[in-house]
Amino acid sequence: MQLSEQELVRRQKLEKLRALGINPYPADLFPVNHTSKQIKSDFEEGKQVIIAGRLMAINIQGKASFAQLQDSEGRIQVYFNRDEICTGEDKSLYNDVFKKLLDLGDFVGIEGTLFTTQVGEKTVMVKDFKLLSKALKPLPIPKQKDGKTYDAFTDPEMRYRQRYADLVVNPHVKEVFVKRTKLFNAMRQFFNDAGYFEVETPVLQPIPGGAAARPFTTHHNSLDIPLYMRIANELYLKRLIVGGFDGVYEFSKNFRNEGMDRTHNPEFTAMEIYVSYKDYNWMMDFCEKLLEHCALAVNGTSEATFGEHKINFKAPYKRITMRDSILEFTGFDIYNKSEDEIRAAAKGMHIEVDETMGKGKLIDEIFGEKCEGNYIQPTFITDYPKEMSPLCKEHRENPELTERFELMVCGKEVANAYSELNDPIDQRERFEHQLKLAQKGDDEATEFIDHDFLRALEYGMPPTSGMGIGMDRLIMFLTNNQSIQEVLFFPQMRPEKKKVDLSDNEKAILEVLKAEKRMDLTVLKSKSGLSNKGWDKGIKGLGKHGLTKVEKTDDGLFVELV
RNA sequence: GACCAGUUAGCUCAGUUGGCAGAGCAUCUCCCUUUUAAGGAGAGGGUCCUGGGUUCGAGCCCCAGACUGGUCACCA
């Protein structure tokens, strides 16, 4: 690997430190007793502190220097004074170790006392310091002046690929992930306080159920069977309700083998909760209380800004049926209409439809095209067509509908919930219908029948309401991030391309040259069979790598292997 | 998958009609004991994404490709 000048310099410093008897990666613990934040909040002139962190700025002024030390909670200024550190005659700890051998990014431990500088900055006067870990690669550290940031590390690709560096230099990035964890904790606490039970269910599943999505496939060697990474955990949680739990929930990493964009990552996190003896009306009440609680826990307010929108998670939320929503935005009433009438209406609205689309799908298209985007504030859309919801109980008043709601925020689905279908015979028929739709070519229909799940239902599942929440999407709303990559530590990326040591051109030239060791330049050029530009780049590259030398003699130009 | 934009020093970015590759910060050498984007003097550092073409000459123009971002499409 080719090292940059700065990387080489740092490796040389590493050797010099070792030569001075300083271990750049010591093993023993460093007895930290303060953080940067504690120093600022409990500031006391003259107090002794022991702190540790990364050097993020160094200001050498001759016999004294200032530096910024960054720890997990922020930054604090530290003051290195030659005669405070080196009380005797030997000034090498300051002159050589500190001034010459430390770099930005190094971890140091500091013992010192607190004081305030002439310009009023709370500062640690260093009495002694110790190198805790040397950084061999320079961090992309931005500069700040008057609240403006210069040279910010902003390239999304670099930031995602090297999240570790992103987190070090961009404090607002760290904040997003702190909030993400706060959201999970708040939700978990809310469920636990309600008496529900956190569980774990299989990630490797013989039948990928509970949603319609393309799964990742893998293989179990001992059993010699295909297994699928879960696309949802719904059917397993319901089995646990059959087993007698009143309420179960799981934060589930799901995997879907589909496209990636700013709202989709192949692995993402959903929360699913199932509560027995409840229906979807109860779940709506529960959902809005939950989200208000979470927003408060994460941001300290129920209000959140998302792009140009101000949203408020304060309960209660507006509720509207899908029928009324479509009526409101299109003037068309889907009630008691035939499939053909709805298809004609959709065509009239300039929505692309085709003959394979059933009634449910058509209604969903109309809603998605004309209504969905209008719901900025949290809004429950209720009573979805039966065809689209194979796991959801039929509506108590209208057999064409289901007892289902989705929560829309800023035109995007955040939660999805049902009164769960617990009639095993109905469920079997729905699965069989899905199978037919799939065979007809509907790629959204489920093509597996989970007979074990049906067996569980046959033992009897109490009336149950269940809800799924897209955690990544929710945290995007709560932290005002437009892309899922910003709320995942390590979003999926295309593998980095390995740089080849020699280009094809260089290899071609080398191949010809190897046989003779020394050749006339024009002969070599023609034998290599390269274009003018290819030759030019290749021979220059080889020279740069130090592999060949061009020599000018009276007989002409010669290329020689070095 | 379609369209648009981008790819130049460790970082952030300039780069004129096609004519020796630039700045700030960072790095290295020197001065500087309360600074704060510290300051002052000097130096080094480049596969201009890759490949091909046009040209006396390409970072720049043309063609093909790679990667990334954005918008749209797709995704309950």
Side-chain angles (χ1 to χ4, degrees), chain A residues 2-10 12-13 57-68 75 77 79-84 94 100 103-105 115-121 123 125 137-161 165 169 210-214 231-232 256-264 352 360-361 364 367-368 384-385 387-392 404 406 413 416 443-446 468 470 482-483 485 493-497 499-506 530-534 536-538 540-541 544-545:
Chain A
Q2 201 78 10
L3 292 176
S4 70
E5 181 203 6
Q6 291 186 49
E7 288 170 315
L8 288 169
V9 167
R10 289 189 180 210
Q12 285 161 13
K13 290 181 179 182
I58 301 176
N59 240 334
I60 295 179
Q61 287 186 77
K63 296 181 184 62
S65 310
F66 290 92
Q68 294 278 333
R75 290 188 187 185
Q77 177 165 275
Y79 178 63
F80 288 85
N81 182 303
R82 188 192 68 184
D83 297 328
E84 294 285 342
Y94 178 80
K100 300 245 169 90
D103 286 297
L104 294 178
F115 78 108
T116 310
T117 64
Q118 288 175 3
V119 285
E121 182 90 16
T123 305
M125 170 91 70
K137 207 173 168 61
L139 284 162
I141 299 176
K143 291 269 172 174
Q144 297 208 329
K145 162 84 167 183
D146 303 331
K148 270 192 224 161
T149 303
Y150 299 81
D151 296 349
F153 182 54
T154 53
D155 178 16
E157 182 190 358
M158 296 288 277
R159 287 184 44 236
Y160 303 152
R161 284 194 195 282
V169 303
R214 228 176 329 148
I231 56 175
R256 297 189 182 178
N257 204 342
E258 282 163 359
M260 291 160 57
D261 59 28
R262 74 179 202 295
T263 56
H264 296 85
E352 261 186 69
K361 177 111 190 182
D364 189 59
F367 178 78
Y384 281 63
E387 204 171 316
M388 320 247 349
S389 316
L391 299 164
C392 183
R404 170 176 180 181
E406 284 194 3
E413 176 201 339
N416 180 23
D443 47 10
E444 283 179 16
T446 314
Q482 309 285 329
S483 92
Q485 286 89 348
M493 304 285 283
R494 202 178 289 270
E496 279 181 87
K497 210 169 51 178
K499 297 226 166 154
V500 284
D501 316 57
L502 291 184
S503 72
D504 291 344
N505 291 336
E506 291 163 2
L530 293 171
S531 68
N532 282 339
K533 184 168 282 187
D536 192 52
K537 291 219 174 199
K540 276 183 184 167
K544 213 166 255 175
H545 290 308

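Values reported hereafter were calculated over all heavy atoms of this structure, with side chains retained and with hydrogens, waters and symmetry mates removed. Throughout, protein chains are lettered first and strands after them, A, B, ... in sequence-line order, and every chain is numbered starting at 1.
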Q: Reckon Glu413(A) touches a base, only the sugar-phosphate, or nothing at all at heavy-atom distances under 4.0 Å?
A: sugar-phosphate
Q: Would you mind reading off the distance between Asn416(A) atom CG and C75(B) atom C1', rounded to a whole angstrom?
A: 14 Å
Q: With both distances under 3.5 Å as the test, what is the Watson-Crick or G-U wobble partner of G57(B)?
A: none
Q: Describe the nucleic acid contact of Tyr384(A) in one word from base, sugar-phosphate, nothing, applying a heavy-atom distance below 4.0 Å.
A: nothing
Q: Is the shortest side-chain N/O distance from Gln118(A) to OP1 or OP2 of U35(B) below 4.0 Å?
A: yes
Q: Quick one: on RNA chain B, does Phe66(A) or Lys100(A) contact a more 5' nucleotide (nearest heavy atom)?
A: Lys100(A)
Q: Please confirm whether the shortest side-chain N or O distance from Lys143(A) to OP1 or OP2 of A26(B) is below 4.0 Å.
A: yes
Q: Taking all non-hydrogen atoms of both residues, which atom of Pro142(A) and which atom of Ala152(A) are closest, and how far apart?
A: CB-CA, 3.8 Å
Q: Is Asp261(A) side chain donor-acceptor paired with the C74(B) base, going by distance under 3.5 Å alone?
A: yes
Q: Starting the side chain at C-beta, find the nucleotide from C11(B), G69(B), C67(B) nearest to Pro156(A).
A: G69(B)
Q: Roughly how many Å is it from NZ in Lys13(A) to C1' in G10(B), rounded to a whole number?
A: 13 Å
Q: For nucleotides U55(B) and C49(B), find the distance between their P atoms and express it as a whole number of Å.
A: 23 Å
Q: Rounded off to whole Å, could you give me the CD1-to-P distance for the Ile231(A) and A76(B) pair?
A: 10 Å
Q: Roughly how far apart are Gln118(A) CD and Thr123(A) OG1, rounded to 0.5 Å?
A: 11.0 Å
Q: What does Ile60(A) touch in the nucleic acid at a heavy-atom separation under 4.0 angstrom: a base, only the sugar-phosphate, or nothing?
A: base
Q: Report the nucleotide, chosen from U33(B), A76(B), A26(B), that has the shortest atom-to-atom distance to any side-chain atom of Lys63(A).
A: U33(B)
Q: Looking only at atom C1', what distance separates U16(B) and A2(B), rounded to whole Å?
A: 35 Å
Q: For A23(B), which nucleotide in any strand shown is its Watson-Crick or wobble partner with both distances under 3.5 Å?
A: U12(B)
Q: Taking the side chain of Asn81(A) as its heavy atoms from C-beta onward, which of U27(B), U33(B), C11(B) lies nearest to it?
A: U33(B)
Q: Tell me the interatomic distance from Asp151(A), atom CG, to C13(B), atom P, rounded to whole angstroms.
A: 8 Å
Q: Measure CD/Glu84(A) against P/U35(B) and give the value in whole Å, please.
A: 16 Å
Q: For G51(B) versus C56(B), give the span between their P atoms, rounded off to a whole number of Å.
A: 23 Å
Q: When you measure only distances, ignoring hydrogens and angles, does the side chain of Gln6(A) come within 3.5 Å of the base of A26(B) through a donor and an acceptor?
A: yes
Q: Rounded to whole angstrom units, what separation is found between the CE atom of Met125(A) and the C1' atom of U34(B)?
A: 8 Å
Q: Please round to the nearest 0.5 Å and tell me the distance separating atom CD of Glu157(A) and atom CD of Gln485(A).
A: 11.5 Å
Q: State the pairing partner of C49(B); accept Watson-Crick or G-U wobble contacts with both distances under 3.5 Å, and report none otherwise.
A: G65(B)
Q: By nearest atom, which of the nucleotides U36(B), C13(B), C28(B) is closest to the Val119(A) side chain?
A: U36(B)
Q: Counting only distance, no hydrogens or angles, is the base of G69(B) paired donor-acceptor with the side chain of Glu157(A) under 3.5 Å?
A: no
Q: For the atom pair CZ (Phe80(A)) and CD (Gln61(A)), what is the distance rounded to the nearest 0.5 Å?
A: 13.5 Å
Q: Report the base-pairing partner of G1(B) (Watson-Crick or G-U wobble, both distances below 3.5 angstrom), or none.
A: C72(B)
Q: Describe the nucleic acid contact of Gly470(A) in one word from base, sugar-phosphate, nothing, applying a heavy-atom distance below 4.0 Å.
A: nothing
Q: Any strand is fair game: report the nucleotide pairing with G18(B) by Watson-Crick or G-U wobble, both distances under 3.5 Å, or none.
A: none
Q: Indicate yes or no for a side-chain donor-acceptor contact from Glu258(A) to the backbone of Arg214(A) under 3.5 Å, with no hydrogens or angles considered.
A: yes
Q: Determine whether any donor atom in the side chain of Glu121(A) lies under 3.5 Å from an acceptor atom in the base of U36(B), or the reverse, and answer yes or no.
A: yes
Q: Output the distance between atom CG (Asp155(A)) and atom OH (Tyr160(A)), rounded to the nearest 0.5 Å.
A: 9.5 Å
Q: Given the P atoms of G59(B) and G52(B), what is the spacing between them in whole Å?
A: 14 Å
Q: Could you identify the nucleotide paired to U34(B), looking across every strand shown and requiring Watson-Crick or G-U wobble geometry with both distances under 3.5 Å?
A: none
Q: Could you measure the distance from the CD1 atom of Ile58(A) to the CG atom of Leu104(A)? Nearest 0.5 Å is fine.
A: 5.0 Å
Q: Specify the separation, in whole Å, of atom CD of Glu7(A) and atom P of C11(B).
A: 10 Å
Q: Side chain of Ala64(A) only, please: which of U34(B), C11(B), U33(B) is the nearest?
A: U33(B)
Q: Can you say whether a donor on the side chain of Asn59(A) sits under 3.5 Å from an acceptor on the base of U36(B), or the other way round?
A: no
Q: Mind checking the P distance from C67(B) to C62(B)? Whole angstroms is fine.
A: 22 Å
Q: How many angstroms lie between CD in Glu84(A) and OH in Tyr79(A), if you round to the nearest 0.5 Å?
A: 8.0 Å
Q: With C1' as the reference atom in both, quote the distance from C75(B) to U17(B) in angstrom, rounded to an integer.
A: 50 Å
Q: Between C32(B), C28(B), A76(B), spot the one nearest the side chain of Glu406(A), thanks.
A: A76(B)
Q: Is there a side-chain polar atom (N or O) of Arg262(A) under 4.0 Å from OP1 or OP2 of U71(B)?
A: yes
Q: Given that Arg404(A) and Gly120(A) both sit by RNA chain B, which one's nearest nucleotide is further toward the 5' end?
A: Gly120(A)
Q: Taking the side chain as every heavy atom from C-beta outward, state whether Glu7(A) and Pro138(A) have any pair of such atoms under 4.5 Å apart.
A: yes
Q: Could you state the atom-to-atom distance from CD of Gln485(A) to C1' of G69(B) in whole Å?
A: 10 Å
Q: In whole Å, measure the gap between the P atoms of A41(B) and U47(B) for me.
A: 30 Å
Q: Sticking with atom C1', work out how far C63(B) lies from A21(B), rounded to a whole angstrom.
A: 26 Å
Q: Using purine N1 to pyrimidine N3 plus N6-O4 or O6-N4 for Watson-Crick, or N1-O2 and O6-N3 for G-U wobble, both under 3.5 Å, which nucleotide pairs with U29(B)?
A: A41(B)
